[in-house]
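A short worksheet on the structure shown next.
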Amino acid sequence: MSTCQKIRLLIADDHAFLLKGLKEHLASNGYQVVGEATDGQVALDLILQLNPNMAILDIEMPSLSGFSIADYCKKHNLLTKIIILSFHKEPEFVNQAKHLGISGYLLKEDTSDEIFECIDAVFNGQSYFSKNLEMKPDGANMTGQLTLLTPSELKILRLIAQAKSTTEIAEMLFISERTVEKHRSNTLSKLCLSGQPNSLAIWAIEHKSLIISL
């Protein structure tokens, strides 16, 4: 049995046309597609039911996102490896994927053969991230971005980097949760981060040493 025949794949994307094309592409190259879904909750249910080697997931799906599924798999020590297939190439998405322990991250613009490189790498215990992903900004650029923050925004960002919640920050600084959220929103904009859930927290924790040093 060839390596590709040993790999059992689940695929999920809320665009039925893309899902169909992906399934046909994988199957025509000898890979077993044991399940498919256009809904995140259905995808997770199938992972629990079928225990595939890998799940190739879109990020944005109804019910549960690809990241939410990856987070569940990580917390419950599931053996299924997660590969994200997305249009998003921004650093915050890549950083969040790494934070969640995702094994592979491909862009929908990548060549069709690159998915096989990714699957083979993940099957052999390696991680694989698309060559076309945006690079993280260097330290000098990040420091420059942080200088755009007001003293209040930087103070709140330091607490976010320490994994403090909005409620905890509000209580510590004697301000309302609404004020904290406003500062978080302004900081997201100034740091050019997406409005995805927890994107600021993930970014702040990853760059904690730089934030605390300012």
Within a reach of under 6.0 Å around NZ of Lys74, are more than 12 heavy atoms found that belong to other residues, nucleotides or ligands? yes
We want to know whether Glu60 and Ser65 form a side-chain donor-acceptor pair, criterion being a heavy-atom distance below 3.5 angstrom. no
Can you tell whether the side chains of Glu153 and Lys190 come within less than 4.0 Å, N to carboxylate O? yes
Mind checking the CG-CD1 spacing from Leu85 to Ile59? Nearest 0.5 Å is all I need. 9.5 Å
Test Ile156 against every option in Ile169, Thr179, Thr166, Leu149 by the side-chain contact (heavy atoms from CB on, under 4.5 Å) rule and name the one that passes. Ile169
If the plane angle is over 60° it's perpendicular, under 30° parallel, otherwise tilted; pick one for Phe67 and Tyr105. tilted
Look at atom NZ of Lys108 and say whether more than 12 heavy atoms of other residues, nucleotides or ligands are closer to it than 6.0 Å. yes
Backbone of Leu64 reached by a side-chain donor or acceptor of Ser68 within 3.5 Å: no
To the nearest 0.5 Å, what is the distance between OG1 on Thr187 and CD1 on Ile160? 6.5 Å
How are the rings of His207 and Trp203 set relative to one another: parallel (under 30°), tilted (30 to 60°) or perpendicular (over 60°)? tilted
Starting at OH of Tyr72, measure out to CG of Leu48 and round the result to the nearest 0.5 Å. 5.0 Å
Do the side chains of Ile56 and Leu18 join up, straight or via other hydrophobic residues, at under 4.5 Å, putting them in one cluster? no
Ser103 OG to Ile119 CD1 distance, which is reported to the nearest 0.5 Å: 12.0 Å
Classify the side-chain pair Asp39/Ser63 by whether it contains a donor and acceptor separated by less than 3.5 Å. yes
Would you call Ile102 and Ile83 a side-chain contact if the rule is heavy atoms closer than 4.5 Å? no
NZ/NE/NH1/NH2 to OD/OE distance under 4.0 Å, Glu117 and Lys131: yes
Check: Pro52 main-chain N/O paired with Thr80 side-chain donor or acceptor under 3.5 Å: yes
A side-chain contact here means heavy atoms from C-beta on lying under 4.5 Å apart; do Phe93 and Ile84 qualify? no
Using the six-membered ring of Tyr31, assess whether NZ or CZ of Lys23 lies under 6.0 Å from its centre and within 45 degrees of the ring axis. no
To the nearest 0.5 Å, how far apart are CD in Gln162 and CG in Leu157? 10.5 Å
For the side chain of Glu168 and the backbone of Ser165, is there at least one donor-acceptor N/O pair under 3.5 Å apart? yes
Between Gln41 and Asp45, is any side-chain donor less than 3.5 angstrom from a side-chain acceptor? yes
Pairwise distance CG(Leu148) to CG(Asn186) - rounded to 0.5 angstrom: 12.0 Å
Would you confirm whether Asn77, through its side chain, and Cys73, through its main-chain N or O, come within 3.5 Å as a donor-acceptor pair? no
Keeping Arg158 on the side-chain end and Lys208 on the backbone end, is there a donor-acceptor pair under 3.5 Å? no
